[in-house]
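The structure under discussion appears below in the form of structure tokens.
Throughout, numbering of the chain's residues begins at 1 and tracks the sequence. This one's a predicted model, so the numbers in the text were calculated from it and none came from an experiment.
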Amino acid sequence: MLPLDVNLIDEAGRAVTLRTVIGGLPTVLVFADYTCRTLCGPILEFTTAGLAKTGLKPGADYRLVAIGIDPKDKPAAAQAMRARHIDNGSAINAAAVFLTGGEVAIRAVTQAAGMHYYYDAEHDQYAHPAAVYVVDGNGTVRRVLSPLGLDGADLRLAIVDAGRGAVGTLADRIHLLCYGYDPVKGIYTERITSLLAFAAGITLVALLSGISLMAMRERRSWPP
């Protein structure tokens, strides 16, 4: 559960809370070092590319939130990161919020999410996992996905799951029954094979039990 009332700063320099930013919608959350010169930018690009393929409506079905993990970063750095890695005219850009904050606020959010990072003073960068968090409207982390190879299907399932019935279609919910989430790989994997194998096992046990019962009754009917 994320601390929804922690104070952060939006790109306009206004104080906001996560509760206000999430607004009760499923939220795709990315932690980033806004001055990072390696993976943070591509992670944002992979995420927005995946969101564009979900078929869901940004701003109506979900929000995209980025939180800077470097307390030295100011709103201008957040604006620059957005401009470099998200298409300015896209609907996803309109539904995205980039936040900065102080050390205490950032630590509160990252610790709640279970996200660990390390400051590399020599290069003035932060080492941290590549991960995309999907949070429900109440601020509970529902899924942690790998942004590397992230596709629209995985993101859609995660957002539908975080929507708790308010997002997606009946077909999406049936999909969730057939696809299990693999927390090790950070992706959804088809589990229908496992369910069918389990059902087949139950059926086999029932058949063998029935045959055994019939055989016992037949033996009892034999004359002494």
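- In this structure, CG on Leu25 lies 11.0 Å from OH on Tyr62, to the nearest 0.5 angstrom.
- Side-chain N or O atoms of Thr27 include none that pairs as donor or acceptor with a backbone N or O of Leu29 at under 3.5 Å.
- Counting all heavy atoms, side chain and backbone alike, Tyr126 lies closest to Pro71 at OH-CD, 3.5 Å.
- Looking only at distances, no side-chain donor or acceptor of Asn138 sits under 3.5 Å from a matching main-chain atom of Thr140.
- A salt bridge between Arg14 and Asp10 is present, with a side-chain N of the basic residue lying under 4.0 Å from a carboxylate O of the acidic one.
- With hydrogens and angles disregarded, a donor-acceptor distance shorter than 3.5 Å links the side chain of Thr110 to the backbone of Ile106.
- Heavy atoms only, all atoms of each residue included: Pro26 and Gly163 are closest at CG-CA, 3.6 Å.
- A donor-acceptor pair under 3.5 Å is absent between the side-chain atoms of Arg63 and the main chain of Ala96, judged by distance alone.
- In this structure His85 satisfies the side-chain hydrogen bond (donor to acceptor under 3.5 Å, both in side chains) test together with Glu45, sequence neighbours excluded.
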**OP:** Walk me through it: do Ile86 and Asn88 pass the test side-chain contact (heavy atoms from CB on, under 4.5 Å)?
**Re:** CA-CA 6 Å; Ile86 302 183; Asn88 184 48; over 6 Å; no
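- The CG atom of Asp161 lies 4.5 Å from the CZ atom of Arg143; values are rounded to the nearest 0.5 Å.
- Residues Thr17 and Val6 fail the side-chain proximity criterion, which asks for heavy atoms closer than 4.5 Å.
- Summarising the geometry, atom CE belonging to Met115 is positioned 5.5 Å from atom NE2 belonging to His128; distances are rounded to the nearest 0.5 Å.
- Of all heavy-atom pairs spanning Thr38 and Pro42, the tightest one is O-CD, 3.2 Å.
- Summarising the geometry, atom CG belonging to Leu4 is positioned 6.5 Å from atom CG belonging to Leu2; distances are rounded to the nearest 0.5 Å.
- Applying side chain to side chain contact (heavy atoms under 4.5 Å, CB included) to Phe98 and the options Asp73, Ile67, Leu44 leaves one that passes, Leu44.
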**OP:** Check the pair Thr47 / Val30 against side-chain contact (heavy atoms from CB on, under 4.5 Å), numbers first and verdict last.
**Re:** CA-CA 9 Å; Thr47 302; Val30 178; 4.1 Å; yes
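- Contact of the Thr48 side chain with the Leu64 side chain is registered, since non-hydrogen atoms from C-beta on lie closer than 4.5 Å.
- Of all heavy-atom pairs spanning Ala78 and Tyr34, the tightest one is CB-CE1, 3.6 Å.
- Under the 3.5 Å distance criterion, the side-chain polar atoms of Asp70 are left unmatched by any main-chain donor or acceptor of Asp33.
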Original post:
Where do Leu18 and Leu8 land on the side-chain contact (heavy atoms from CB on, under 4.5 Å) test, with the steps shown first?
Top reply: CA-CA 8 Å; Leu18 276 180; Leu8 297 164; 4.0 Å; yes
**OP:** Could you please spell out the steps behind the side-chain contact (heavy atoms from CB on, under 4.5 Å) verdict for Lys74 and Thr100?
**Re:** CA-CA 6 Å; Lys74 303 303 178 186; Thr100 56; 5.9 Å; no
**OP:** Show the numbers, then the answer: is there a side chain to side chain donor-acceptor pair (under 3.5 Å) between Tyr119 and Asp124?
**Re:** CA-CA 7 Å; Tyr119 178 59; Asp124 189 28; 2.6 Å; yes
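- Considering every non-hydrogen atom in both Pro3 and Ala112, the closest pair reads CD-CB, 3.7 Å.
- Remark: the backbone N or O of Glu11 is paired with a side-chain donor or acceptor of Gln79 at under 3.5 angstrom.
- Screening Val144, Val141, Leu145 for a side chain to side chain contact (heavy atoms under 4.5 Å, CB included) involving Val134 leaves a single residue, Leu145.
- Going from atom CD1 of Ile159 over to atom CG of Asp61 covers 8.0 Å, rounded to the nearest 0.5 Å.
- Each of Ile9 and Val16 belongs to its own hydrophobic cluster when Ile, Leu, Val, Met, Phe, Trp and Tyr are linked at side-chain heavy-atom distances under 4.5 angstrom.
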**OP:** Evaluate the criterion ring pair (Phe, Tyr, Trp, His ring centres under 6.0 Å) for residue pair Phe31 and Tyr117; output intermediate values, then yes/no.
**Re:** CA-CA 10 Å; Phe31 294 102; Tyr117 55 95; 8.1 Å; no
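- Dense packing is recorded around NZ of Lys72, with more than 12 heavy atoms of other residues, nucleotides or ligands lying under 6.0 Å away.
- The distance from the CG atom of Leu51 to the CG atom of Leu56 is 8.5 Å, given to the nearest 0.5 Å.
- For Arg84 (side chain) and Gly41 (main-chain N/O), no donor-acceptor pair under 3.5 Å exists by modelled atom type.
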